[in-house]
Amino acid sequence: MNRELLLSVRKPGRYVGGEFGSVKVSGYNDYRVAVCFPDLYEIGMSNQAIKILYREFNAIEGVSCERVFSPDTDFEKKLKENGLFLYTLESETALKEMDLLAISIGYELAATNILAVLESGGIPLFNNERKEEDPLVIAGGPSVTNPLPFGHFIDGVFIGEVEDSFDRTLKDLRDAKRSGKSRVELLAIIDADENMWTYRKHKEGRIAKKALWNNFGTRNLTNLPVSSISAVQDNGIIEIMRGCPNSCRFCHAGFYYRPYRQKKIDEIVEEADFLINSCGYNEITLSSLSSGDYSHLTSLIKALNKEYGERRISFSLPALRINTFSLSLLEELSHSRKSGLTFAVETPEDSWQRSINKEIDKEKTIEILKEAKKLGWKVAKFYFMIGLPFSYKEKEEESIAEYIDSIQKKSGLRINVNVGTFIPKPHTPFQWAYQLTAEESFRKMVWLKTYFKQNRNVKLSYHTPFVSYLEGVISRGDERAGELILSAYRRGARLDAWTEYFNKDLWEEVFREADWDVEAETCRERDLNEKLPWSSIDIGVNNNFLKYEYRKAAGARITSRCKTVCNHNCGVCNDTVLPVDNTKEYINISINETEKDSKQEKNTDKYLFKYSKTGKAVYLSHINVMNIFQGAFQRCGIDIEYSKGYNPKPKLEFAHPLSLGIESEYEIFSAFLIDCSNDEKVIVKRLNEKLPEGIVVQTCKKLRPYIQGTKKHSLMSLYGGSQYALTVSGTMTADNLYQDIENFFLEKGKEGIAEVKINIDEKSGEELIIDLPETGTKLSNI
Ligand code: SF4
């Protein structure tokens with residue numbers, strides 16, 4: 001690990017691994033897989049697919065799986081300048097040394113990141129340039145159900161759900177490695193997998209079928225790395241239902257993950273317990289495409305709140321459908337205000353809603369919002385789309401404005417609105433539809449923005465039209481879209497999903513220079529009989545059903561939701577594949593009432609902890625360390641006291657925040673432990689088992705109880721100073737050293753240095769090695 005390099009880039013904690021729960025790589029002879037989410041660490045660590053892959057693959061005998069995420073632009077540049085390769089977080093192995101790179105593609109805008117990961121990892125960009133020793137590159141995920149734009153970069157695309165099906169292929173690849181098979185033979189294994197799309201198969205007209213995990217539910221609950229630096233979603237996620245019973249005609253996931261399968265309630269509880277007690281999460285999202293459709297949702301939330309509410313664990317739900325929303329559910333959600341109220345209405349007029357097969361009762365919406373206001377909510381968030389088929393030619397923006405105005409006035413809540421542009425997705429009834437050009441979309445967005453400019457109760461934001469257009473280019477594109485991605489990548493496009501990185505001019509230039517009309521080809525309505533670029537993929541839903549649905553949309557006709565006895569014949573269900581409902585209403589979880597009552601009498605003691613922060617932990621900020629200790633206490637089942645009020649915080653007091661980049665052998669903090677009868681040594685041992693690499697608690701001491709009427713001292717007020725040892729590198733004279741040190745502390749705003757201990761290499765005489773101000777070791781607090 002190149003310390004100097006890491007300390008010169010933004011958020012170096014992204015590149016060091018060592019998190020609690022990450023695996024220790026031992027089997028270097030195993031079949032070595034790197035799972036990759038092609039975006040920055042904090043996005044990738046929030047992604048559920050990566051967690052599933054990591055657990056699945058590491059559970060296979062003879063397979064070891066590590067993680068890699070996209071490098072930020074500064075890190076990518078530094079790797080290149082130093083002749084280094086992007087590496088896995090667990091064992092710091094260059095990607096080119098791995099056997100398999102498995103990329104989960106969650107959105108089209110990750111396209112250039114994929115190329116950056118390949119090239120930074122030392123893997124040739126084009127599959128036909130890869131040699132015997134290069135890893136296989138396999139992609140998967142909802143955004144590659146039209147793999148053609150990626151066809152020349154990827155060796156294969158796995159279509160569908162990895163559980164079980166991809167495991168089998170992975171075992172075959174492992175066995176092939178053990179018996180020394182060649183790259184050609186490994187590619188033949190991929191080709192033979194009926195769920196794998198490859199460019200070769202596509203050209204031959206061979207179909208790749210979607211893999212379906214017909215046994216959806218809890219698997220092993222192990223090996224889940226908990227992010228040490230703040231992730232975009234620092235919460236535990238439980239997938240309570242896969243698929244969705246509603247057939248919203250624009251929704252790719254709704255068709256791709258058919259049929260819907262609800263997780264058993266006991267499995268949800270088991271997962272909640274694991275995420276809270278073993279991983280240390282205190283916010284849990286009950287996620288699915290439409291969580292409101294989960295049977296007995298209210299009683300589930302009620303039971304979870306009853307069990308975990310006292311421990312300040314909150315449960316939230318992503319966007320809900322008004323039609324499945326009940327007032328009792330609202331009441332349960334009000335126990336945990338962290339759950340925002342979010343409604344995806346999509347389009348305002350009744351007939352347009354019927355066209356997209358998503359009816360939202362406006363009167364019920366207003367009723368829910370009024371009740372929410374009574375229960376204390378102040379804001380609700382709404383999502384709309386413009387450019388939907390059969391409404392884009394109308395004054396849809398004016399209709400959206402009217403709708404928002406009306407619900408805001410009638411409910412009295414503040415309304416945040418986000419408007420996106422419809423993008424036709426493969427494998428949906430709208431796959432043939434027209435897409436608004438960036439300019440058409442922009443005009444509508446500006447109209448809406450201007451309309452609400454003076455309205456303090458409505459905050460309107462919109463998804464950048466050009467970005468939606470770019471998504472459309474890739475979403476329905478063919479090999480030519482792949483050429484555009486490559487051209488943009490070569491010109492420096494990276495992290496296109498990030499506003500601060502997205503370079504519209506660069507992409508416009510790429511489109512201008514293409515030898516085909518990118519806009520006309522992207523946005524045009526397709527003929528129903530046209531051969532589409534994703535025609536070599538069968539996700540189970542037959543084409544005639546999609547065409548029928550498209551015609552029904554034109555007539556604003558509704559298709560009823562999926563159910564176990566269904567006559568829609570979309571092609572997915574059969575004798576063995578059926579929707580799965582949770583039939584059990586939850587009754588009780590585990591803790592008995594007497595146990596809970598005994599917790600009313602709380603005995604709280606203050607403890608002082610001494611810990612060291614070295615190695616990988618050097619790249620963690622002070623705030624990261626505070627969060628890590630909070631999670632570690634929860635993981636080892638030691639209750640700590642929280643502040644009172646609306647947003648309680650753990651009462652952890654740190655004496656002296658340590659800057660990122662500085663090691664310390666001696667840091668201190670205090671915490672109030674509740675009903676802790678453990679011996680101090682046992683507390684230290686238990687904590688150390690739950691901390692990430694580099695943070696080690698050395699001692700812990702119970703402090704004398706505070707005596708009423710005496711002065712209270714904060715830890716910081718007792719802090720006298722620190723002793724530092726500086727690691728010296730580079731050349732300078734001894735006379736200058738002290739001056740430099742003084743300047744360093746003055747720069748940092750520190751005065752009154754009590755003592756500076758300098759380790760000088762005796763052999764080098766007056767020639768000293770110095771590296772200031774980035775590195776150093778804090779030896780102790782005085
Ligand atoms: S066959 Fe019916 S229940 Fe099954 S996925 Fe299709 S529409 Fe839904």
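Nothing here was measured: the structure is a model prediction, and the numbers come from that model. Order of appearance sets the numbers: ligands from 1, and atoms from 1 within every ligand.
For a distance bound of 2.8 Å, the N, O or S atoms of Cys566 include none lying that close to atom 6 (Fe) of ligand 1. Inclusion of Cys562 in the first shell of atom 8 (Fe) of ligand 1 is supported: an N, O or S atom falls under 2.8 Å.
Within a 6.0 Å radius of NZ in Lys302, no more than 12 heavy atoms belonging to other residues, nucleotides or ligands are found.
Aromatic ring centres of Phe69 and Phe37: separated by at least 6.0 Å.
Ranking protein heavy atoms by distance to atom 7 (S) of ligand 1, first place goes to Arg258 NH1, 3.4 Å. Among protein heavy atoms, the minimum distance from atom 6 (Fe) of ligand 1 is reached at Cys570 SG, 2.3 Å. In terms of protein heavy atoms, atom 4 (Fe) of ligand 1 is closest to Cys573 SG, 2.2 Å.
For the 3.5 Å distance criterion, the side chains of Ser461 and Asn418 qualify, holding a donor opposite an acceptor. Side-chain contact check for Thr559 and Lys552: at least one donor-acceptor pair (N or O, by modelled atom type) lies under 3.5 Å.
Asn235 contributes no side-chain N or O that, together with a main-chain N or O of Tyr281, makes up a donor-acceptor pair within less than 3.5 Å. Using a distance-only test at 3.5 Å, with no hydrogens or angles considered, a donor-acceptor pair links the side chain of Arg261 to the main chain of Trp213.
Contacts between Pro579 and ligand 1 below 4.0 angstrom, taking non-hydrogen atoms only, involve the side chain exclusively.
Numbered from 1 in the order shown, with element, the atoms of ligand 1 that lie under 4.0 Å from a heavy atom of Lys563 read 3 (S).
Residue-ligand proximity: Arg561 is placed with every non-hydrogen atom at 4.0 Å or more from ligand 1.
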